[in-house]
There are 2 protein chains.
Amino acid sequence: MTRALAGNLLQVPVPELADRFDEWQKFGFDAARCPVRNVLDHIGDKWTALILISLAKEGRRFSAVQRLIPDISKKMLTQTLRDLERDGLITRHVFPTKPPSVEYRLSPLGRSVLDPLAQLVFWAESRHGEIEDARRRFDASSPA
Amino acid sequence: MTRALAGNLLQVPVPELADRFDEWQKFGFDAARCPVRNVLDHIGDKWTALILISLAKEGRRFSAVQRLIPDISKKMLTQTLRDLERDGLITRHVFPTKPPSVEYRLSPLGRSVLDPLAQLVFWAESRHGEIEDARRRFDASSPA
DNA sequence: CCGAATCCTTTTCGATACTG
DNA sequence: CAGTATCGAAAAGGATTCGG
């Protein structure tokens with residue numbers, strides 16, 4: 001994208017990320033305060049991103065999310081939803097029907113992560129083939 | 001969705017992500033082919049993002065990366081670097097000095113992930129405070 | 001229907017010691 | 001310097017059972 005150069009692809013974008021990394025270094029790189037660890041570790045776990053995406057279009061009930069992500073266990077669904085609620089990314093709404101129904105919705109904060117998350121997902125989709133090719137090449141030229 | 005209401009912030013962006021999710025559903029949501037799982041699980045692990053960022057500015061040697069990320073063990077550094085090489089995100093260059101030195105560099109593919117990754121990192125940085133506040137509120141109103 | 005509690009397996013990770 | 005090998009601890013995850 002942007003100015004298409006011949007041969008020497010990119011290199012220009014994302015100067016900021018490296019610079020920010022340098023900043024972190026200066027302050028001793030405190031793991032507890034590093035947002036990469038504190039936040040990315042969370043949204044990067046096995047189910048979080050999928051759950052967020054499944055709530056992108058509309059609020060959904062517990063069982064509805066479970067249907068959308070068939071191979072998640074109830075335990076992990078409960079746990080991940082609670083973590084997301086704790087972080088303020090989703091809200092939980094209990095309706096006093098019987099049996100009770102519970103709906104989860106993205107909060108404004110949760111909705112705000114969809115955009116950067118989408119960037120990464122679309123990157124993953126578009127590069128998935130390249131990555132699989134690279135894996136095959138690597139495995140082919142590596143010993144048993 | 002859409003109809004931009006006052007007070008009700010955003011909602012409009014990222015229609016594509018939810019739609020893409022719907023697409024996946026139609027094909028049975030094959031976990032093995034889902035790029036969210038195949039790729040995000042990788043870059044979302046404990047060290048991958050940090051290593052990619054540490055290589056953003058320039059190629060670095062094994063020990064240099066280890067200095068930049070002080071609390072990574074040699075084992076995990078080796079392992080994560082190898083996984084990244086396998087996925088084609090970084091390249092490995094051995095210089096026949098003695099003792100040998102090895103430099104790791106981002107490949108074009110690896111550089112291409114920095115931009116979406118930066119979006120997420122900057123989101124994390126800017127929202128870190130909100131998330132911590134939400135955590136405190138949640139913990140305060142939850143039982144022992 | 002939603003979820004808590006328990007048990008158990010798998011995976012991840014770190015510490016340590018060793019090699020070219 | 002840049003790894004490899006092995007071990008054990010810890011965390012994550014799944015299956016099952018129970019309860020409001």
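Note that the structure is predicted; figures quoted are calculated from it, not measured. The sequence lines fix the lettering, A, B, ..., with proteins before strands; numbering per chain opens at 1.
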Quiz item: Residues from residues 36-51 of chain B sitting under 4.0 Å of DNA chain C, heavy atoms only?
Solution: B:Lys46, B:Trp47
Quiz prompt | Side-chain N or O of B:Tyr104 closer than 4.0 Å to phosphate OP1/OP2 of D:dC1 | solution = no
Practice problem: Using whole Å, report how far CZ of B:Arg60 lies from P of D:dC1. | Solution: 16 Å
Quiz item: Could you state the CG-C1' distance from A:Asp83 to D:dA12, rounded to the nearest angstrom?
Solution: 12 Å
Quiz prompt | Residues in contact with DNA chain D, drawn from residues 69-77 of chain A - heavy-atom cutoff 4.0 Å | solution = A:Ser73, A:Lys75, A:Met76
Exercise. Ignoring backbone atoms, establish whether A:Arg61 has a side-chain N or O less than 4.0 Å from OP1 or OP2 of C:dC1.
Key: no
Quiz item: Between C:dA15 atom C1' and B:Gln79 atom CD, what is the distance in whole Å?
Solution: 15 Å
Quiz item: Can you name the nearest heavy-atom pair linking A:Arg111 to A:Leu106, along with the distance?
Solution: NH2-O, 3.2 Å
Quiz item: Are B:Ser54 and A:Phe21 side-chain neighbours, meaning at least one heavy-atom pair lies under 4.5 Å?
Solution: yes
Quiz prompt | side-chain N/O B:Thr78 vs D:dA2 OP1/OP2, d < 4.0 Å | solution = no
Practice problem: Rounded off to whole Å, could you give me the CG-to-C1' distance for the B:Leu81 and D:dA2 pair? | Solution: 11 Å
Practice problem: Sort out for me which residue in A:Leu81, A:Val65, A:Thr80 forms a side-chain contact (heavy atoms from CB on, under 4.5 Å) with A:Trp47. | Solution: A:Thr80
Exercise. Can you spot which of B:Leu117, B:Leu68, B:Ile69 makes a side-chain contact (heavy atoms from CB on, under 4.5 Å) with B:Ile53?
Key: B:Leu117
Quiz item: Can you find a heavy atom in the side chain of A:His93 that is under 4.5 Å from one in the side chain of A:Tyr104?
Solution: no
Quiz item: Do any N or O atoms from the side chain of B:Ser107 and from the backbone of B:Gly88 form a donor-acceptor pair under 3.5 angstrom?
Solution: yes
Quiz item: Between A:Arg135 and B:Arg86, is there a donor-acceptor pair closer than 3.5 Å when you use the side chain of the first and the backbone of the second?
Solution: no
Quiz prompt | Shortest non-hydrogen contact between B:Ile43 and B:Thr48, atoms and distance | solution = CA-CG2, 3.7 Å
Quiz item: Are A:Val102 and B:Phe138 linked, directly or through other ILVMFWY residues, by side chains that come within less than 4.5 angstrom of each other?
Solution: no
Quiz item: Would you say the side-chain atoms of B:Ser141 pair up with the backbone N or O of B:Arg137, donor to acceptor, closer than 3.5 Å?
Solution: yes
Self-check item: A:Arg92/A:Glu103 ion pair, N-O < 4.0 Å
Solution: no
Quiz item: Among residues 90-100 of chain A, which residues get a heavy atom nearer than 4.0 Å to DNA chain C?
Solution: A:Arg92, A:Pro99, A:Pro100
